Peer 1: 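Got a structure here, written out as structure tokens. Questions coming.
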Protein chains: 2
Amino acid sequence: MSKPNPNSKPPTMRDVARLAGVSQPTVSRVLNDASTTVSISEETRQKILEAVKELRYRPNMTARSLRTQQSQMIALMIADISNAFYHPIARVIQDVARQHDYDVIIANSDHRDDNERHFLDAVIRRPVDGVIMVPIHLTDEDIDRFITLTQTPVVVIGKQIEHPQVDVVWADDGKATYEAITWLIKERGYSQVGYFGIPDLYPPGPRRWRGYQRAMEQAGLTIEPDYVSFEGDFTLESGRRAARKLLAHDHWPPVIFAVNDLMAIGLILELQDAGYSVPDDIAIMGFDDIPEASIIRPHLTTMAQTPVDIGRKLAEALFDRIEGRETGSKRILECPCRLVPRQSA
Amino acid sequence: MSKPNPNSKPPTMRDVARLAGVSQPTVSRVLNDASTTVSISEETRQKILEAVKELRYRPNMTARSLRTQQSQMIALMIADISNAFYHPIARVIQDVARQHDYDVIIANSDHRDDNERHFLDAVIRRPVDGVIMVPIHLTDEDIDRFITLTQTPVVVIGKQIEHPQVDVVWADDGKATYEAITWLIKERGYSQVGYFGIPDLYPPGPRRWRGYQRAMEQAGLTIEPDYVSFEGDFTLESGRRAARKLLAHDHWPPVIFAVNDLMAIGLILELQDAGYSVPDDIAIMGFDDIPEASIIRPHLTTMAQTPVDIGRKLAEALFDRIEGRETGSKRILECPCRLVPRQSA
DNA sequence: CGAATATATGTATTCGTATGCTTTACAGTA
DNA sequence: TACTGTAAAGCATACGAATACATATATTCG
């Protein structure tokens with residue numbers, strides 16, 4: 001094993017051509033299946049295919065990319081690799097990409113501004129044929145600069161991006177939040193609802209906050225400032241921190257709506273660790289329906305999103321553009337949300 | 001916004017050179033900081049840097065890769081993107097790669113043979129400077145073929161790979177399993193221990209199974225065939241399936257050791273759904289210590305691995321080779337395991 | 001003051017592939 | 001027989017950057 005390979009480099013088309021006794025372009029034509037109006041004799045074709053087999057030739061994508069100006073790669077930037085919400089998205093995108101014979105570069109921004117910018121830099125230096133991302137801090141201008149510079153198709157999650165050439169996949173989370181709050185009040189009978197959100201500068205923040213406000217108003221409830229927090233950052237740990245603050249107060253809302261499941265789970269775990277019961281002492285509702293929502297006890301009542309659907313829409317929208325089936329201006333693709341009543345609220 | 005860019009393509013070195021009134025190679029030399037013994041006048045250097053700024057020039061990595069035969073990319077193949085065990089690994093590898101100015105291609109095998117092979121094919125076609133992977137089905141021969149063909153450094157998780165040029169990161173999971181079982185018997189006082197494993201053809205299977213056997217033997221316990229199953233496949237769902245089978249039987253071991261946390265959690269959830277109490281009716285222990293282990297109630301007693309450490313060792317071992325600091329034959333890097341007693345056993 | 005030596009830059013070529021254009025060989029036609 | 005058409009394959013070049021080699025100018029020294 002591992003005897004130092006005599007000709008250490010992988011074979012090239014030239015090697016194949018030499019072995020088959022033809023020229024390199026002829027090999028190229030055979031392998032690319034006569035795209036332009038050429039014709040190759042069956043005999044030559046066979047010789048070449050045999051040579052390919054014998055040498056175990058594989059085309060070099062780097063060279064091909066340089067020549068064709070296409071990389072056969074797409075880039076994906078997600079906001080948090082640890083958040084299970086993104087896993088099905090990443091997986092589906094990979095599956096679709098593979099069907100189209102594309103590879104995927106994955107980057108992880110951790111919700112950080114500098115990481116998002118670095119990602120754009122990276123895909124400028126290493127041209128890809130398409131970009132899917134979850135921009136939290138990037139603005140329309142940032143994205144526009146990238147597009148005018150590279151002419152690369154871009155698809156995003158998040159309605160806040162409004163660029164004429166960028167397809168958007170989103171869920172109407174404002175409406176979903178409204179429905180969740182309304183349901184807590186009307187169906188579950190809670191007389192007050194607390195809100196555990198994220199700072200307004202994160203895009204989904206304002207939408208969900210307004211959904212909450214609207215529902216409260218419509219139910220004739222006043223929003224208690226004490227029952228509202230914007231100190232979440234999408235992580236479980238931020239949920240625990242918020243719970244610790246809550247424990248220091250003396251009056252609680254009967255139920256708290258958290259803008260994502262991880263934060264909701266953090267709340268529950270910390271409250272339970274302090275000896276309180278969910279939902280008896282306080283109920284908790286989340287948003288996303290990640291797998292952990294069905295692991296925690298009590299199982300988490302939540303507003304489900306459809307990450308597989310989201311991922312598929314993202315990928316298909318992107319390949320529609322990469323492969324030229326779609327050339328018009330931006331499309332907005334909405335994915336449904338669905339209330340999942342469980343035991344936590 | 002998005003006015004169709006007049007010169008739609010990103011600028012090249014040639015453009016920069018023209019604007020600065022010099023030749024393309026001069027630009028190359030300035031940007032690569034005089035690697036070969038060259039000297040550039042300060043004046044020229046400044047002109048070029050200005051031109052670079054004005055045109056917002058970014059080097060094209062594809063062209064550079066073709067010329068230098070280096071891609072500035074590494075490829076990572078993990079076994080299951082949904083398994084939280086791999087998240088810190090992927091994240092650390094990305095962080096280290098970024099420090100070295102490398103991008104990362106991530107692939108997900110889902111433990112499937114064909115996906116693993118497809119991955120190798122992909123990194124043959126698209127040369128990368130290094131490969132990190134978790135091979136489940138790939139053999140030494142497969143890996144050897146890849147290495148002799150591409151001369152690419154490879155680092156793996158999993159002691160089963162024994163290739164003279166492949167660094168291995170692993171945990172002594174045989175020993176760890178032995179210790180876990182022994183601890184259950186000696187410290188926790190269980191009189192019998194069930195085993196929920198995976199088929200022997202998955203590499204960690206035999207190691208952990210032998211650890212279990214050894215511990216049982218040493219404790220003077222006989223292994224009850226009824227208490228042993230190899231029907232797991234690393235997923236939570238396979239844990240639920242196993243629990244359903246268990247529920248059909250009428251006698252249970254007092255505790256079951258599962259070879260990973262996801263499977264252990266599947267067991268617990270299904271047993272609880274059927275009305276049984278963990279650990280009172282039956283105790284469960286896992287392996288890995290993924291975040292979900294601290295979410296489920298009761299919290300999961302488990303044998304922790306150190307994925308951050310594993311990821312860092314993998315990445316650093318790889319860059320040691322990519323950057324030529326290490327040229328010798330294979331190194332074996334061991335990561336510790338640590339028993340984490342919680343409530344489930 | 002002419003030759004040797006730095007110094008600064010340009011020229012030509014290369015990486016592996018794709019593709020427009022040209023050439024060759026031969027069959028068919030008038 | 002001379003000419004045209006077509007199938008088959010070769011030739012030349014381009015993609016963008018890196019680099020070995022050549023060249024031109026300025027500097028230094030005997």
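Proteins come first, then strands; the chains are lettered A, B, ... in the order of their sequence lines, and each starts at number 1. Everything numeric in this text was worked out from a predicted model, so none of it was measured.
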Peer 1: Let me check the geometry of the helix from dC1(C)-dG30(D) to dA30(C)-dT1(D). What is the bend angle between the axes at its two ends, five pairs each, to 10°?
Peer 2: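 End axes: 70° apart.
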Peer 1: Go nucleotide by nucleotide along DNA chain C from the 5' end; which of T26(A) and S23(B) gets its closest nucleotide reached first?
Peer 2: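 The residue closer to the strand's 5' end, by nearest nucleotide, is S23(B).
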Peer 1: Dump every N/O contact between nucleotides 13-17 of chain D and the protein below 3.5 Å, one line per pair.
Peer 2:
{"residue": "dA14(D)", "atom": "N3", "partner": "R67(A)", "partner atom": "NH1", "Å": "3.2"}
{"residue": "dC15(D)", "atom": "O3'", "partner": "Q69(A)", "partner atom": "NE2", "Å": "2.8"}
{"residue": "dC15(D)", "atom": "O2", "partner": "R67(A)", "partner atom": "N", "Å": "3.4"}
{"residue": "dG16(D)", "atom": "N2", "partner": "A63(B)", "partner atom": "O", "Å": "3.2"}
{"residue": "dA17(D)", "atom": "OP1", "partner": "Y57(B)", "partner atom": "OH", "Å": "2.4"}
{"residue": "dA17(D)", "atom": "OP1", "partner": "N60(B)", "partner atom": "N", "Å": "3.1"}
{"residue": "dA17(D)", "atom": "OP2", "partner": "M13(B)", "partner atom": "N", "Å": "2.5"}

Peer 1: Using the ring pair (Phe, Tyr, Trp, His ring centres under 6.0 Å) criterion, which residues pair with F146(A)? Sequence neighbours excluded.
Peer 2: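 If we apply the ring pair (Phe, Tyr, Trp, His ring centres under 6.0 Å) test to F146(A), skipping adjacent residues, there are no hits.
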Peer 1: For A79(B) versus S109(B), what's the shortest heavy-atom pair and its separation?
Peer 2: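 Closest heavy-atom pair between A79(B) and S109(B): CA-OG, 3.4 Å.
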Peer 1: Which part of the nucleic acid, if any, lies within reach of V27(A) when heavy atoms closer than 4.0 Å are counted: base, sugar-phosphate only, or nothing?
Peer 2: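 No contact.
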Peer 1: Using only heavy-atom distances, determine whether the side chains of S23(B) and T26(B) contain a donor-acceptor pair under 3.5 Å.
Peer 2: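 Yes, because at least one side-chain N or O of S23(B) sits under 3.5 Å from a partner of the opposite role on T26(B).
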Peer 1: Tell me: CD1 of I124(B) to P of dG16(C), nearest whole Å?
Peer 2: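 Spelled out: CD1 on I124(B) to P on dG16(C) is 16 Å.
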Peer 1: Under the salt bridge (charged side-chain N to carboxylate O under 4.0 Å, His left out) definition, can you give me all pairs with a residue in residues 314-331 of chain B, not counting sequence neighbours?
Peer 2: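 Matches after skipping sequence neighbours: D167(B)-R321(B), D167(B)-R331(B), R312(B)-E316(B), D320(B)-R325(B), D320(B)-R331(B), E323(B)-R325(B), E326(B)-R331(B).
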Peer 1: Going by heavy atoms in the side chains, are D114(A) and H118(A) under 4.5 Å from each other?
Peer 2: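 No - every pair of side-chain heavy atoms lies 4.5 Å or more apart.
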Peer 1: Looking only at heavy atoms, which two atoms of D129(B) and P153(B) are closest? And how far apart?
Peer 2: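 In this case the closest contact between D129(B) and P153(B) is O-CD, 3.3 Å.
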Peer 1: Could you state the CZ-C1' distance from R126(B) to dG16(C), rounded to the nearest angstrom?
Peer 2: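 After rounding, the reported distance stands at 14 Å.
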Peer 1: Take atom CD of E43(A) and atom C1' of dA9(D), then tell me their distance rounded to the nearest Å.
Peer 2: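 Nearest whole value for this atom pair: 13 Å.
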Peer 1: Let me know the distance between CD1 of I48(B) and C1' of dA8(C), rounded to the nearest Å.
Peer 2: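 Roughly 11 Å, once rounded to whole Å.
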Peer 1: Whole angstroms only, please: what is the CD-C1' distance between Q72(A) and dT17(C)?
Peer 2: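 In whole Å, dT17(C) C1' and Q72(A) CD are 13 Å from each other.
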Peer 1: Any heavy-atom pair between the side chains of V131(A) and I74(A) that's under 4.5 Å?
Peer 2: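 Not in contact.
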Peer 1: Tabulated below should be each protein N or O lying under 3.5 Å from an N or O of nucleotides 4-8 of chain D; please produce it.
Peer 2:
{"residue": "dA8(D)", "atom": "OP2", "partner": "S39(A)", "partner atom": "OG", "Å": "3.3"}

Peer 1: Would you please name every residue forming a salt bridge (charged side-chain N to carboxylate O under 4.0 Å, His left out) with R56(B), sequence neighbours left out?
Peer 2: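 If we apply the salt bridge (charged side-chain N to carboxylate O under 4.0 Å, His left out) test to R56(B), skipping adjacent residues, there are no hits.
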Peer 1: Identify the two heavy atoms, one from I147(B) and one from T152(B), that lie closest to each other, and give their separation to 0.1 Å.
Peer 2: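 I147(B) and T152(B) have their closest heavy atoms at CG1-O, 4.1 Å.
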Peer 1: Atom CZ of R29(B) and atom C1' of dA8(C): how far apart are they, to the nearest Å?
Peer 2: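 R29(B) atom CZ is separated from dA8(C) atom C1' by 9 Å.
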Peer 1: Could you tell me the separation between the CZ atom of R18(A) and the P atom of dG16(C), rounded to a whole number of Å?
Peer 2: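 Taking atom P of dG16(C) as the reference, CZ of R18(A) is at 11 Å.
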Peer 1: Do H87(B) and H87(A) have ring centroids that are under 6.0 Å from one another?
Peer 2: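 That pair passes the under 6.0 Å test.
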Peer 1: Using distance alone, with no hydrogens and no angle criterion, decide if R126(B) and N60(A) have a side-chain donor and acceptor under 3.5 Å apart.
Peer 2: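 No, N60(A) and R126(B) have no side-chain donor paired with an acceptor closer than 3.5 Å.
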